[in-house]
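Since the structure comes first, as structure tokens, the remarks are kept for the end.
First the proteins, then the strands, lettered A, B, ... as listed; each starts at 1.
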Protein chains: 2
Amino acid sequence: MTRASDRAYRKIRSFILSDDVHPGMQLTEERLAEISGVSRTPVRDAVQRLENEMLLVRSASKRLSVADWSHDEIDEIFSLRAMLESHAAERAAQRMDDESLARLRAINVTLTEAVNRPEADIATFLEANRQFHGLILDRAQSPRLSQLLPSLVEQPVVRRTAAQYSRDDLIQSGIDHEELIAAFAARDSKWARAVMTSHIRRAFHSFSSATSRIAKD
Amino acid sequence: MTRASDRAYRKIRSFILSDDVHPGMQLTEERLAEISGVSRTPVRDAVQRLENEMLLVRSASKRLSVADWSHDEIDEIFSLRAMLESHAAERAAQRMDDESLARLRAINVTLTEAVNRPEADIATFLEANRQFHGLILDRAQSPRLSQLLPSLVEQPVVRRTAAQYSRDDLIQSGIDHEELIAAFAARDSKWARAVMTSHIRRAFHSFSSATSRIAKD
DNA sequence: ACACTTTCTATTGTATACAATTGCGTTCCG
DNA sequence: CGGAACGCAATTGTATACAATAGAAAGTGT
């Protein structure tokens with residue numbers, strides 16, 4: 001049986017990422033307790049975790065709300081991600097094994113197929129993308145990195161911005177991944193680092209131009 | 001009145017950093033509750049914070065212990081610190097103002113004086129060093145960075161390793177800081193970044209050779 | 001009508017009791 | 001004497017009741 005605080009964490013998390021929640025929305029611990037079906041004690045544990053991941057913020061006087069990010073903040077988040085994930089890629093290249101390599105290839109096939117469907121299957125793309133980056137982080141074998149990176153609000157930003165990406169952006173992601181795999185296969189850590197850096201920069205760029213396009217409407 | 005969980009956090013933290021605690025030592029929530037004079041509920045909050053900062057770790061089955069670090073892990077910690085603090089220095093250079101610059105100079109005077117005393121005043125050095133880096137982080141004006149960096153077990157590593165540093169190492173720190181200040185004064189972000197990177201690399205080096213010297217004994 | 005105070009209510013913070021789990025020592029059997 | 005099964009003790013996890021606090025609302029006097 002999983003711990004109640006873990007269940008609460010997952011439930012609250014998916015609640016926050018769902019569409020019936022808008023950034024800045026106020027919440028109460030009690031409400032979250034209802035949602036996750038446990039008492040406030042484990043909820044508070046979960047909330048603290050989510051605060052660390054900056055999915056939730058406590059406004060001035062301890063009131064909870066769903067995090068919101070300015071464009072500058074998202075810029076900064078992508079910068080930090082670029083740094084840390086590039087570092088992860090570098091380490092992963094030095095520690096790559098054939099099995100992981102095979103799994104990376106398999107994941108990217110799934111990802112590419114999802115993109116190439118008549119209607120791009122965004123959900124599958126996101127999940128495959130998550131797995132791809134997760135596996136790299138895993139191979140980096142750095143507990144600190146594994147702790148720092150997720151708290152970089154990776155998923156939420158991706159989630160809220162994924163809708164912004166054009167099909168071309170998604171296709172480009174698959175191509176970037178191919179090159180990453182090549183770098184890993186060659187155990188070339190500098191190459192892997194460089195590819196990862198531009199991969200994330202490119203992702204931010206796509207996001208950035210898409211939102212500025214929207215801002216004009 | 002401060003919150004009980006905050007008091008607990010501070011008490012436990014200083015307890016951990018005190019000398020009657022050795023890395024790997026086992027603790028219980030109840031014991032920590034006694035020490036901090038509050039009930040287990042706020043203690044658990046504090047403990048979770050300290051887990052995030054990796055000062056405490058939960059061994060396999062949820063039992064608490066004081067964190068310990070292998071040489072490889074400390075290496076990795078310094079690498080990440082180098083990346084993030086260099087980034088902070090770069091941003092700080094772009095956002096530097098004259099008042100902060102003056103304060104950095106003042107802090108570094110204190111630091112240098114502490115080092116130059118007949119018996120180097122390590123405690124004052126550490127505190128001044130902390131203030132110096134803290135001010136830079138503050139000027140970087142990045143909430144994410146401010147959240148990520150402290151959790152990099154900065155203080156603890158510094159604390160447990162400071163005794164290793166030779167007087168020359170401490171003097172070199174002061175010199176590095178001078179150059180950092182110069183870079184900030186010139187608002188030269190690339191320069192600041194470069195100096196910070198070598199500053200931290202150098203610190204790790206000093207630490208590393210000192211501990212390998214010890215290991216031989 | 002407006003500022004100021006006061007009360008009330010919603011929300012978070014803390015303590016405590018109890019449940020569940022895990023480690024460890026003991027016993028029992030081979 | 002060694003090892004597995006069992007039971008007890010210590011420790012963590014959860015619920016709930018209550019205390020403290022901050023925001024909102026209502027009232028009061030000018």
Over 12 non-hydrogen atoms of neighbours within 6.0 angstrom of CZ in B/R201:
no
Quick one: is A/S61 getting a side-chain N or O under 4.0 Å of the C/dT12 phosphate, OP1 or OP2?
no
Is the distance from OP1 or OP2 of D/dT11 to the nearest side-chain N or O of B/R63 less than 4.0 Å?
no
Just say parallel, tilted or perpendicular for the rings of B/F204 and B/H71, cut-offs at 30° and 60°.
tilted
How many whole angstroms separate atom NZ of A/K62 from atom P of C/dT12?
11 Å
Separation of C/dT14 atom P from B/R7 atom CZ, nearest Å, is 8 Å
Rounded to whole Å, please give me the gap between CZ in A/R58 and C1' in C/dG13.
10 Å
Specify the separation, in whole Å, of atom CZ of B/R3 and atom C1' of C/dA15.
16 Å
Base, sugar-phosphate, or nothing for B/L32, non-hydrogen atoms under 4.0 angstrom?
nothing
A/D68: which residues meet the salt bridge (charged side-chain N to carboxylate O under 4.0 Å, His left out) condition with it, sequence neighbours left out?
none
Atom-to-atom span, CG of B/L56 to C1' of D/dT12 - whole angstrom:
15 Å
Would you mind reporting whether A/E76 and B/R91 have side-chain heavy atoms less than 4.5 Å apart?
yes
Distance in angstrom units between A/E29 CD and C/dT12 P, rounded
5 Å
Considering only heavy atoms, which members of residues 36-52 of chain A lie under 4.0 Å from some atom of DNA chain C?
A/R40, A/R44
Does A/E29 pair with A/R44 as a salt bridge, N-O distance under 4.0 Å?
yes
Can you confirm whether more than 12 heavy atoms, excluding those of B/Q26, are under 6.0 Å from its CD atom?
yes
In chain order, what residues pass the salt bridge (charged side-chain N to carboxylate O under 4.0 Å, His left out) check against B/D169, with sequence neighbours excluded?
none
Rounded to whole angstrom units, what separation is found between the CG atom of A/L64 and the C1' atom of D/dG23?
16 Å
For atom CD of A/Q26 and atom P of C/dT11, their distance in whole Å:
9 Å
Quick one: on DNA chain D, does A/A60 or A/A4 contact a more 5' nucleotide (nearest heavy atom)?
A/A4
